[in-house]
Amino acid sequence: MKVIIAEKPSVAREIAKVFGANTKREGYIEGKGYTFTWAFGHLLQLAPPQEYGYYRWSVQNLPMLPQKFKLCIRKVSSKEGVVDDPAAKKQLDVIKKLFDEATEIIVATDAGREGELIFRYIYYYLKCKKPFKRLWISSQTDEAIKEGFRNLKPGGDYDTLFNSAHCRSQSDWLVGMNATQALSLASCTRSVLSLGRVQTPTLAMICARYLENKNFVPELYYQVAIQVDKDGQLFRAISVKSYKNRAEAEQVLERVEDVAAGFANGGNILSVEAKPRKEPPPLLHDLSSLQQEANKRKGFTADQTLGILQHLYENKLVTYPRTGSRYIGDDVFATVPQLIAGFTGHALFGKQATILTESKLNKRSVNAKKVTDHHAILPTGERAYTLSTDQQAIYDMVVGRMLEAFHGECVKEITKITVKSGEDFTASGTVVAVPGWRAVFNDKDEEKKDEENAALPKVVKGENLPITNKAVLDKQTKPKALYNEASLLKALETAGKEIEDDELRYAMKDSGLGTPATRASIIETLIKRNYIIREKKNLVPTATGLSVYGVVKDQQIAQAELTGSWEKRLEEIRSGASVAAFQQEIQNYTRSITSEMLRAGEVLRQKSKEPAGKH
DNA sequence: GCAAGGTC
């Protein structure tokens with residue numbers, strides 16, 4: 001009998017459906033001579049330090065460098081402390097039984113590094129020796145699954161992929177566990193001062209931005225505004241130049257030939273420019289963009305949004321949520337018209353859905369090459385039952401974005417008028433000529449600046465108009481805003497884009513810091529460690545966070561580049577490079593960061609002795 | 001007590 005193992009139940013169900021297997025058992029599905037089972041993500045993890053004899057936290061144990069790593073069942077916290085996750089244990093028993101009976105295993109975990117690791121950890125933990133083949137697909141439509149099965153790969157083809165995954169996993173353990181213990185022990189604070197390849201650069205970004213914001217010295221500057229009257233329609237224009245001191249601006253103001261100063265028509269229209277600007281629809285959502293939007297619109301945390309999405313997914317209302325792709329393939333696109341037709345009765349979007357059923361769909365979000373492990377988030381078309389307010393809000397963002405993404409472009413008329421009265425003044429206005437995709441949510445344009453007029457009256461070059469008011473505007477330069485969840489998620493995604501080293505930047509181009517599935521939990525970890533707090537919508541470092549930042553900020557572990565350099569080496573391993581060489585480098589780095597952190601912890605210890613209020 | 005990765 002052949003056993004097919006997927007990364008998660010939903011994929012196993014999809015595959016079983018294609019085979020026409022439908023006998024549901026505890027932990028697997030059976031039929032047509034196959035069994036279809038699944039994991040729940042990682043069921044196994046690298047064993048904690050005590051499994052290698054490092055029972056207590058102690059400087060004597062550092063650095064901890066296990067000869068050979070062990071695996072253990074995923075842990076959860078419960079009333080009795082940290083225990084084996086019962087769900088993982090139970091599913092592992094099911095898998096063991098099926099593997100024992102199997103003649104062949106077909107690996108259908110997600111097509112990527114972690115998917116490979118999820119299977120191999122199970123396989124090696126169970127000491128399984130059965131032959132296995134690999135199913136490698138990036139969408140779960142019937143056709144993609146069938147094609148994948150016609151094209152099964154030898155399991156051994158992915159040995160180097162497993163090697164790179166295993167190295168990633170061990171390296172994170174070695175660096176994270178050792179650096180954390182070193183800093184925590186040396187600082188003598190009794191609390192955990194955790195460090196890691198992802199969390200520490202994230203903390204560093206939040207702290208650096210906070211300090212930059214706090215130490216920012218605003219510069220004052222001045223502009224002059226005038227109000228122009230075109231046959232009773234008033235509009236505002238601002239001086240093209242800005243002025244360092246008020247006196248200078250006052251002089252400019254003085255030269256404005258307004259009505260009060262006795263000039264009936266003191267504003268001369270120098271130029272009128274009008275041009276259309278086309279805005280393509282936004283791409284479909286991936287997890288990160290949806291978390292950002294939910295944070296902006298509703299103030300949801302990344303963690304809340306993920307939780308709600310998981311619920312919608314488990315109830316089959318939306319497709320797989322932890323995706324990093326904003327595209328779908330042609331196979332999924334083929335199902336979109338029917339999907340849209342299902343929303344013509346929707347309370348908010350019914351009208352736009354109806355319009356879309358009669359239009360040619362925009363294919364900007366359709367690109368099979370940009371679909372990675374999973375495609376963009378879509379509604380499934382299942383009928384929504386009664387949802388809570390928050391669930392409905394997230395669901396509507398998914399549905400609304402689908403309608404936007406396949407809509408036509410928005411066309412805006414941008415008008416710029418230049419008026420001369422002494423100095424030059426400009427007014428700009430934006431009018432939506434064709435709403436296109438913007439009709440779906442019908443939001444006000446978030447990009448619009450304060451000084452912009454919605455619509456400008458029709459004026460003609462060369463005409464002279466009365467200026468009915470004038471004033472000096474006090475302005476000041478603004479610091480970069482503190483991070484909130486939305487801007488931090490964005491920054492994590494694009495972390496590495498500014499790395500100077502070409503190779504490291506290239507290695508990180510598809511990843512950023514963390515993954516879609518883990519970014520919400522990284523923010524929660526920093527909060528749990530008391531490194532950062534939520535202050536209104538912002539993420540702000542605590543005194544603890546700032547002092548940890550103070551001691552690590554120049555270390556590699558606080559730089560996004562560390563991930564870049566690992567990704568580069570891991571990719572080389574995937575294409576066959578030596579594992580041992582990388583492991584040696586990691587071991588060396590572990591030794592060095594451990595001793596650095598033991599020394600740095602001393603600094604924290606000295607600092608905490610200083611009188612309160614000094615920092 | 002600790003990482004980052006995956007998922008229910």
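Below, all heavy atoms of this structure are taken into account, side chains as well, without hydrogens, waters or symmetry copies. Below, read A as the first sequence line, B as the second, and so on, with proteins coming before strands; counting in each chain starts at 1.
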How would nucleotides 1-7 of chain B be written as a contact map, 5' to 3', with B for base contact, S for sugar-phosphate-only contact and - for no contact, using protein heavy atoms under 4.0 Å? BBBBBBB
Does Arg569(A) count as lying over the ring of Phe582(A), i.e. NZ or CZ under 6.0 Å from the six-ring centre, within 45 degrees of the axis?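 No, Arg569(A) and Phe582(A) do not form such a contact.
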Do we get Lys127(A) above Phe99(A)'s six-membered ring, with its NZ or CZ under 6.0 Å from the centre and within 45° of the axis?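 The answer is no, since Lys127(A) fails at least one limit relative to Phe99(A).
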Could you tell me how far apart Lys89(A) (NZ) and dC8(B) (C1') are, to the nearest whole angstrom? 18 Å
Does Phe149(A), at its CZ atom, have more than 12 non-hydrogen atoms belonging to other residues, nucleotides or ligands within less than 6.0 Å? yes
Has Lys497(A) got more than 12 heavy atoms of other residues, nucleotides or ligands less than 6.0 Å from its NZ?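 Yes, the 6.0 Å shell around NZ holds more than 12 heavy atoms from other groups.
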Looking only at the aromatic ring of each residue, does the gap between the centers of Phe119(A) and Phe132(A) stay below 6.0 angstrom?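 Judged by ring-centre distance (under 6.0 Å), Phe132(A) and Phe119(A) do meet the cut-off.
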